[in-house]
Chemist: 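Below you'll find the structure I mean.
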There are 2 protein chains.
Amino acid sequence: MPEQTAANRPTLEAVAARAGVSRATASRVVNGGAGVRQPLVDKVRAAVDELGYVPNHAARSLVTRRHGAVAVIIAEPELRVFSDPFFAQQLRGISRELTANDLQLVLLWVEDESDHGRIARYLAGGHVDGAIAFSLHGDDRLPRLITESKVPTVLGGRPGTEAGPALPYVDTDNRGGAREAVRHLVSLGRRTIAHIAGPGDQTSALDRIAGYHDVLIDPDPELLREGSFTEESGARAMAELLDRRPGIDGVFVANDLMALGALRVLRERGLRVPQDVAVVGFDDMEAVVRASDPALTTVRQDVEGLGRLSVKLLVKLLSRPTGRVPASVIMPTNLVRRASA
Amino acid sequence: MPEQTAANRPTLEAVAARAGVSRATASRVVNGGAGVRQPLVDKVRAAVDELGYVPNHAARSLVTRRHGAVAVIIAEPELRVFSDPFFAQQLRGISRELTANDLQLVLLWVEDESDHGRIARYLAGGHVDGAIAFSLHGDDRLPRLITESKVPTVLGGRPGTEAGPALPYVDTDNRGGAREAVRHLVSLGRRTIAHIAGPGDQTSALDRIAGYHDVLIDPDPELLREGSFTEESGARAMAELLDRRPGIDGVFVANDLMALGALRVLRERGLRVPQDVAVVGFDDMEAVVRASDPALTTVRQDVEGLGRLSVKLLVKLLSRPTGRVPASVIMPTNLVRRASA
DNA sequence: CACTGGCCTGAAAGCGCTCTCACGCTGCCG
DNA sequence: CGGCAGCGTGAGAGCGCTTTCAGGCCAGTG
């Protein structure tokens, strides 16, 4: 392969000349070689190798109007993203699946509403074939913005009511998972079951509350405390719960990190888990569960799978005759029984 | 703005026609308007607004040979990336600074060597103007691969010796920071100072060891244990150290997460921090430090700043007449004194 | 043996933009 | 009053690729 810089990269023209064919034929070979006789295919392939030819992407998208790239929009204004592996794990699933589909990942990080203009402009600019947005919050006007940009998009997580026009989404079966968790506590004979919920601006938190209510019809409202998905907030919520309702014998915590905080407080107060209080978390985050003592019983969700699935759905959306929007997908959860309940 | 889909987006031609000027003039206005008289500038601007014109990126890069995009290569085969906020924080710095420079972020996640071909092909494909690679490991052949691709690149973190041809890098002053940490322990009158190091395949870990040795000439080799930057491994290392050298009265731990593990073991063994054993960490990760008890004294490094700096360096590199490579940059650290030492 | 049809191949037309170059106009100087 | 800068504008080439369309070739058929 000859020495080359960005400036003197060989063009398809050069490949064609070297192979003794027309540019059209060279192009056909580079794009799979359908309808070209074998001898010519071989010649072109050889020329490509000898010259180290790589297609010019810009020229190609100019005519095909496709870019082989997907925007991944992370709407996470808070720093939580750093302490919660959820984010990175989902991103990894997305990255892997995009790679498998030969798509590039353009990362758009939205910190606050001042970024919305930039995002809208970028999407409208037609740089990407599609988009995936995740970590949305309830009051987020992003889904609307995205809808207006007309870029095929899949959301990670059920959007709030603000979303307006329906974009397809992938989500964990938060409600079903929560039901399973609470039912498990009930099956252990627990009578006073509290719930430490996530922040009310996230549908995942709301859905888990709904699941809790599905099982425990009309529970004491004092048994429900809202945290912010951090260990600290879980500890605080647990402390408050114990202060108000000392008789609690079971807690369903909306994520593992908060459950860790709850376990700490229970330990500090001399309550035994699970004998005195049984605890069930949500997520089954390996790093967190490993750190917990006793080992945390929790609702497992496949976060990386969620990321992969969002890409699969998008790919389907892209290949579909315009207009038809595929249905959203809900991923099942399963309860992982360990020591805490 | 008229209703439009990807297919019928207005072109510069349309803008020019509407403004009653030539395409060339319209182009000049869209690109800043230098050398065009005000009345025409206004007319074109108006036409752009009325039509909702957005330049076609592919067409533009086809002629300018620039893409306004930078590849960010994360070489992190391990899952550590999920538990260590280091990664996300650096990425955020990069993202912010790229945005400030009107550059897009194309994320390339390298899981193992089987991805190298894909990365090389992508870089060689000339899709991006430059690249930033971070989280490199000692035996990584990635720097070499990147060098061969001829894409201007900045490394996050000093590369190992494998790197071969010098690519500019940004890094924290790991060695200086380590010196500062150990000197602080010495100044507290500590005589038997251990070091829990990071994995030997990362230069940051090696540099911190070097800093330790800078201050403690020829220390007992048994005082040095290697961890893997996880809390778990820090705990294990601490336990082993105490088993072998019960007289330890100071520990410099190569990152905060491992320090957390070390603190836990010290507490479990009934040793008081800092009275019996003084502990200094490295990173000053907010989430980790907040969780530590007692509050961790640590060497602060500005991880987000590191990310931003890598972009700044790359931008400089891109604007520079080819050939001249700007010097690498080392960011200073500072010791944050809290309760643990 | 002429004709038809199918299969390959190449010529050429763009995709939407930038940028060079030439041209026209204005104002100033000799 | 002719000539000459100098500025602003437009015509047009061309970036590298895909894709249509016409034409050439060959085999099979009447």
Side-chain angles (χ1 to χ4, degrees), chain A residues 4-45 47-48 51-69 121 124-129, chain B residues 4-45 47-48 51-69 121 124-129:
Chain A
Q4 58 190 233
T5 59
N8 70 355
R9 294 242 305 279
T11 68
L12 196 55
E13 186 76 52
V15 172
R18 178 152 197 134
V21 300
S22 73
R23 208 168 60 231
T25 297
S27 171
R28 281 187 271 258
V29 172
V30 168
N31 290 289
V36 179
R37 270 179 311 180
Q38 199 54 46
L40 290 195
V41 170
D42 294 341
K43 270 202 240 172
V44 173
R45 293 255 162 85
V48 165
L51 296 174
Y53 169 77
V54 181
N56 179 313
H57 195 79
R60 181 177 277 177
S61 358
L62 183 56
V63 29
T64 61
R65 289 155 183 290
R66 270 180 294 100
H67 302 86
R121 224 172 308 123
H127 305 255
V128 290
D129 300 326
Chain B
Q4 58 189 233
T5 59
N8 70 355
R9 293 244 305 279
T11 68
L12 197 55
E13 186 77 50
V15 172
R18 178 152 194 135
V21 300
S22 73
R23 208 170 59 231
T25 297
S27 172
R28 281 187 271 257
V29 172
V30 168
N31 290 288
V36 179
R37 270 178 312 178
Q38 200 53 46
L40 290 195
V41 171
D42 295 341
K43 271 202 240 172
V44 173
R45 294 253 161 85
V48 165
L51 297 175
Y53 170 76
V54 182
N56 179 313
H57 195 79
R60 182 177 277 177
S61 352
L62 182 55
V63 29
T64 62
R65 290 155 181 289
R66 269 179 295 103
H67 302 86
R121 225 172 307 121
H127 305 258
V128 291
D129 300 327

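Naming: A, B, ... by sequence-line order, numbering from 1 per chain.
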Chemist: Under a 3.5 Å cut-off on both pairing distances, which runs of 3 or more consecutive Watson-Crick or G-U pairs involve DNA chain C?
Modeler: C:1-30 with D:1-30

Chemist: How long is the line joining CZ of Arg23(B) and P of dG8(D), in whole Å?
Modeler: 22 Å

Chemist: Please state how far atom CG in Leu12(B) lies from atom C1' in dA11(D), giving the value in whole angstrom units.
Modeler: 14 Å

Chemist: Distance check needed: dG16(C) P versus Arg65(A) CZ, whole Å only.
Modeler: 5 Å

Chemist: Might you work through the side-chain contact (heavy atoms from CB on, under 4.5 Å) test for Arg28(B) and Val21(B), ending with a clear yes or no?
Modeler: CA-CA 11 Å; Arg28(B) 281 187 271 257; Val21(B) 300; over 6 Å; no

Chemist: Looking at every heavy atom in both Tyr53(A) and Val30(A), which two are closest together, and how far apart are they?
Modeler: CE2-CG2, 4.0 Å

Chemist: Would you please confirm or rule out a distance under 4.0 Å between OP1 or OP2 of dG10(D) and any side-chain N or O of Thr25(B)?
Modeler: yes

Chemist: Grab the N/O contacts between the protein and nucleotides 23-26 of chain D below 3.5 Å, and write none if there aren't any.
Modeler:
none

Chemist: Distance check needed: dC17(C) P versus His67(B) NE2, whole Å only.
Modeler: 16 Å

Chemist: Among residues two or more places apart or on two chains, list those pairs meeting salt bridge (charged side-chain N to carboxylate O under 4.0 Å, His left out) that have a residue in residues 10-27 of chain B.
Modeler: Glu13(B)-Arg23(B), Arg18(B)-Glu50(B)

Chemist: At their closest point, which heavy atom of Arg60(B) faces which heavy atom of Asn31(B), and how far apart are they?
Modeler: NH2-OD1, 3.4 Å

Chemist: Is there a side-chain polar atom (N or O) of Thr11(B) under 4.0 Å from OP1 or OP2 of dG16(C)?
Modeler: no

Chemist: Applying ring-ring contact (aromatic ring centres under 6.0 Å, His included), name anything that partners His57(B), two or more places apart in sequence or on another chain.
Modeler: His127(A)

Chemist: Can you name the closest pair of heavy atoms from Leu12(B) and Ser27(B) and give their distance?
Modeler: CD2-CB, 3.5 Å

Chemist: Rounding to a whole Å, what distance do you find between Lys43(B):NZ and dG10(D):C1'?
Modeler: 14 Å

Chemist: Between dG10(C), dG16(C), dG16(D), spot the one nearest the side chain of Asn56(A), thanks.
Modeler: dG16(D)

Chemist: Once you round it to whole Å, what is the distance between P of dC17(D) and NE2 of His127(B)?
Modeler: 12 Å

Chemist: In residues 27-41 of chain B, which residues come under 4.0 Å of DNA chain D by heavy atom?
Modeler: Arg28(B), Gly35(B), Val36(B), Arg37(B), Leu40(B)

Chemist: Check whether any side-chain heavy atom of Arg121(B) sits under 4.5 Å from a side-chain heavy atom of Val54(A), and report yes or no.
Modeler: no

Chemist: What string of B, S and - do you get for nucleotides 23-28 of chain C, 5' to 3', if B is base contact, S is sugar-phosphate-only contact and - is no contact with any protein heavy atom under 4.0 Å?
Modeler: ------

Chemist: Flag the pair Val44(A) / Val15(A) as yes when at least one side-chain heavy-atom distance between them is below 4.5 Å, and no otherwise.
Modeler: yes

Chemist: Can you name the closest pair of heavy atoms from Arg9(B) and Gly125(A) and give their distance?
Modeler: NH2-O, 3.1 Å

Chemist: Can you identify which nucleotide, out of dC19(C), dG10(C), dA11(D), has its nearest atom closest to the Ser22(B) side chain?
Modeler: dA11(D)

Chemist: What is the distance, to the nearest angstrom, from the CZ atom on Arg60(B) to the P atom on dG16(D)?
Modeler: 18 Å

Chemist: Which one, dG10(C), dG16(D), dA11(D), comes nearest to the side chain of Val21(A)?
Modeler: dG10(C)

Chemist: Nearest to the Leu62(A) side chain among dG16(C), dC17(D), dA13(D), which nucleotide is it?
Modeler: dG16(C)

Chemist: First locate atom CZ of Arg37(A), then atom OG1 of Thr25(A), and finally report the distance between them rounded to the nearest 0.5 Å.
Modeler: 10.0 Å

Chemist: Let me confirm one number: the CG-NE2 distance from Leu62(B) to His67(B), rounded to the nearest 0.5 Å.
Modeler: 9.0 Å

Chemist: With respect to the side chain of Tyr53(B), which nucleotide from dC17(C), dG10(C), dT19(D) is positioned closest?
Modeler: dC17(C)

Chemist: Taking atom C1' of dG16(C) as reference, at what distance in whole Å does atom CG of Leu51(B) sit?
Modeler: 15 Å

